Amino acid sequence: MKKTSPKPIIEIRDLGKTFRPKSGEVKALDGINLNINQGDIYGIIGMSGAGKSTLVRCINLLEKPTSGSVFIDGQDISQLTEKELRTVRYSVGMIFQQFNLLMQRSSEKNILFPLEIAGVDKETAKKRTAELLELVGLPDKAKAYPAQLSGGQKQRIAIARALANNPKILLCDEATSALDPSTTNSILKLLKEINQKLGITIVIITHEMSVVEQICSHVAIIDKSKIAEDGEVEEIFKNPQTEIAKKMIFSENDQGQVAMGKNRYRIVFDEKSSSESVIAEMILETKCRVNILHADMKNIDGITFGQMVIQLPEDELSASRAIHYLKSHQITVEEVGRHVG
Ligand SMILES: Nc1ncnc2c1ncn2[C@@H]1O[C@H](COP(=O)(O)OP(=O)(O)OP(=O)(O)O)[C@@H](O)[C@H]1O
């Protein structure tokens, strides 16, 4: 039977955005093409100034592209009237780094706010608010004001508010950047649950690869206004092609530890192969001396990967024997010496 290809809910075609402030022209986005499918958790990652916020503002209709198009659920949003745009806006919810809750309103009233604007009757809106408080795990905080909530709780209320009008897409702009690591984990877990329970497509804008690794199915790496690389997170992690992807996969700490010396290789293991035994057997079989410079584990969308940076001897023959051994055991091997540090 023919496999049906997944349906893109967001299609970005040749998108360009140029700002023209008095100080000169800034090309914030240049020739962006991206397909985000229904049900994806799609990470958009890049360094500061790469163009992430501009891209998200083009998707949520706050910024008008200079060229190209954005299709949401098959509709070219640049061709819509104001009235049609309002309807499409309901299908895109958004959460932010600073939560953006209304400080004078209780949690419950914050969630009610978009329902009031949409003209939902009071009884239905109240019922929906109670369901959403339950969904984000805070039914007991209905009457609390934002000032009485922790950062993680504020973000949970913001998520409930963003979901009030049943959007098809949830955009998260650096939504965990103001949170500590354990709160970040709990918010990412909640987003994953929402994606699975409601089938909602989630787009996550972040500068942290760890966020992408934890919950995203796909990622696009933006560098200097263009997409450097995009695809499934697992594939990009195992086989990054561009300098920027390699840089983002190694955290700053890792780079410090592996910056010294020549002949360094990054190797990636999956759950099926144990790093220790493969390395031990490789040393026994090839008689090649290996220096382990760095090793850690990463959990990518629920699958554990080990990565190591090893240093091989300068003697080319032994080094190539070792590389051949690793590759023949289906282990990803790439030289990092020129790229890292
Ligand atoms: N309204 C604007 N007017 C002029 N230039 C702008 C405007 N908005 C963004 N830019 C410029 O466009 C480029 C991309 O900015 P953008 O905010 O999209 O990057 P970013 O990847 O989100 O960065 P950060 O992670 O620091 O928020 C930057 O050079 C920025 O200075």
Side-chain angles (χ1 to χ4, degrees), residues 10-34 36 40-70 72 77-78 85 89 92-100 151 154-155 158 162 169-181 183-184 187-188 191 201-216 218-231 233 236 240 242-253 255:
I10 304 173
E11 269 184 86
I12 299 171
R13 291 282 157 267
D14 298 321
L15 182 69
K17 176 73 193 177
T18 303
F19 293 105
R20 295 191 172 85
K22 286 204 181 84
S23 51
E25 220 176 62
V26 184
K27 219 178 217 184
L29 297 174
D30 185 9
I32 304 281
N33 284 294
L34 214 55
I36 299 180
D40 281 353
I41 304 187
Y42 209 109
I44 294 177
I45 186 166
M47 306 282 195
S48 181
K52 306 181 293 296
S53 299
T54 309
L55 178 58
V56 85
R57 287 172 66 81
C58 287
I59 299 174
N60 72 8
L61 326 155
L62 290 175
E63 202 76 74
K64 218 172 163 42
T66 313
S67 57
S69 340
V70 177
I72 304 268
I77 58 177
S78 62
L85 267 182
R89 275 202 182 103
V92 185
M94 179 131 183
I95 57 169
F96 308 86
Q97 180 173 359
Q98 295 307 332
F99 324 119
N100 295 8
K154 281 185 211 159
Q155 197 57 292
I169 300 162
L170 178 64
L171 297 178
C172 309
D173 192 0
E174 299 283 1
T176 55
S177 299
L179 304 174
D180 63 56
T183 313
T184 293
I187 293 294
L188 294 179
L191 291 174
T201 306
I202 300 185
V203 180
I204 294 188
I205 308 293
T206 181
H207 64 278
E208 291 172 303
M209 199 63 178
S210 58
V211 168
V212 170
E213 285 163 2
Q214 236 167 307
I215 67 159
C216 293
H218 295 77
V219 63
I221 301 170
I222 303 202
D223 186 34
K224 302 189 189 83
S225 326
K226 294 178 193 275
I227 302 241
E229 218 166 308
D230 65 289
V233 174
I236 290 194
T242 56
E243 296 292 305
I244 186 75
K246 288 172 188 176
K247 208 165 163 183
M248 302 224 68
I249 286 167
F250 281 96
S251 71
E252 275 165 30
N253 288 345
Q255 288 182 42

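Counting starts at 1 for both ligands and their atoms, in listed order. Bear in mind that the values here come from a model prediction, so they are computed numbers and not experimental data.
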Subject >> Test of proximity, A50 against ligand 1: N or O pairs below 3.5 Å >> reply: yes
Subject >> Set of residues satisfying salt bridge (Lys or Arg N to Asp or Glu O under 4.0 Å) with respect to E229, sequence neighbours excluded >> reply: none
Original post:
Below 4.5 Å, heavy atoms only, C-beta onward: do P65 and K17 meet side chain to side chain?
Top reply: no
**OP:** Do me a favour and list the nearest non-hydrogen protein atom to atom 25 (O) of ligand 1 with residue, atom name and distance?
**Re:** K52 NZ, 2.8 Å
Subject >> Separation of I244 CD1 from I227 CD1 (nearest 0.5 Å) >> reply: 12.5 Å
**OP:** Kindly indicate whether the side chain of I204, heavy atoms from C-beta on, has any atom under 4.5 Å from the side chain of I41.
**Re:** yes
**OP:** Please determine if E174 has a nitrogen or oxygen closer than 3.5 Å to a nitrogen or oxygen of ligand 1.
**Re:** no
**OP:** Go through ligand 1 atom by atom and flag the ones less than 4.0 Å from a non-hydrogen atom of T54.
**Re:** 15 (O), 16 (P), 18 (O)
Original post:
Do G49 and ligand 1 have an N or O pair less than 3.5 Å apart?
Top reply: yes
Original post:
Can you check whether a protein heavy atom sits less than 4.0 angstrom from atom 30 (C) of ligand 1?
Top reply: no
**OP:** Please report which non-hydrogen protein atom sits nearest to atom 12 (O) of ligand 1, along with the residue it belongs to and the distance in Å to one decimal place.
**Re:** A28 CB, 3.4 Å
Original post:
Got an N/O contact under 3.5 Å between F19 and ligand 1?
Top reply: no
Subject >> Residue M47 vicinity, atoms of ligand 1 by number, heavy atom under 4.0 Å >> reply: 21 (O)
Subject >> Backbone of D14 reached by a side-chain donor or acceptor of N33 within 3.5 Å >> reply: yes
**OP:** Tell me, with the steps shown, if M94 and L170 meet side chain to side chain contact (heavy atoms under 4.5 Å, CB included).
**Re:** CA-CA 6 Å; M94 179 131 183; L170 178 64; 5.8 Å; no
Original post:
Is there a side chain to side chain contact (heavy atoms under 4.5 Å, CB included) between I236 and I221 once you walk through the steps?
Top reply: CA-CA 10 Å; I236 290 194; I221 301 170; 4.1 Å; yes
Check residues 46-56 and write down every donor-acceptor pair under 3.5 Å in which the side-chain atom is one partner and the other belongs to a residue at least two apart or another chain.
unit_1, atom_1, unit_2, atom_2, d
K52, NZ, G46, O, 3.0
K52, NZ, M47, O, 3.0

Original post:
Hey, which atoms in ligand 1 end up nearer than 4.0 Å to a heavy atom of S48?
Top reply: 23 (O), 24 (P), 25 (O), 26 (O)
Original post:
For ligand 1, which atoms, with element, lie under 4.0 Å from some heavy atom of V26?
Top reply: 11 (C), 12 (O), 29 (O)
Subject >> L34 side chain reached by Y42 side chain, heavy atoms, under 4.5 Å >> reply: yes
Original post:
What is the nearest protein non-hydrogen atom to atom 19 (O) of ligand 1, stated with its residue, atom name and distance?
Top reply: G51 N, 3.2 Å
Subject >> Residue, atom name and distance, where the atom is the protein heavy atom closest to atom 27 (O) of ligand 1 >> reply: S53 OG, 3.7 Å
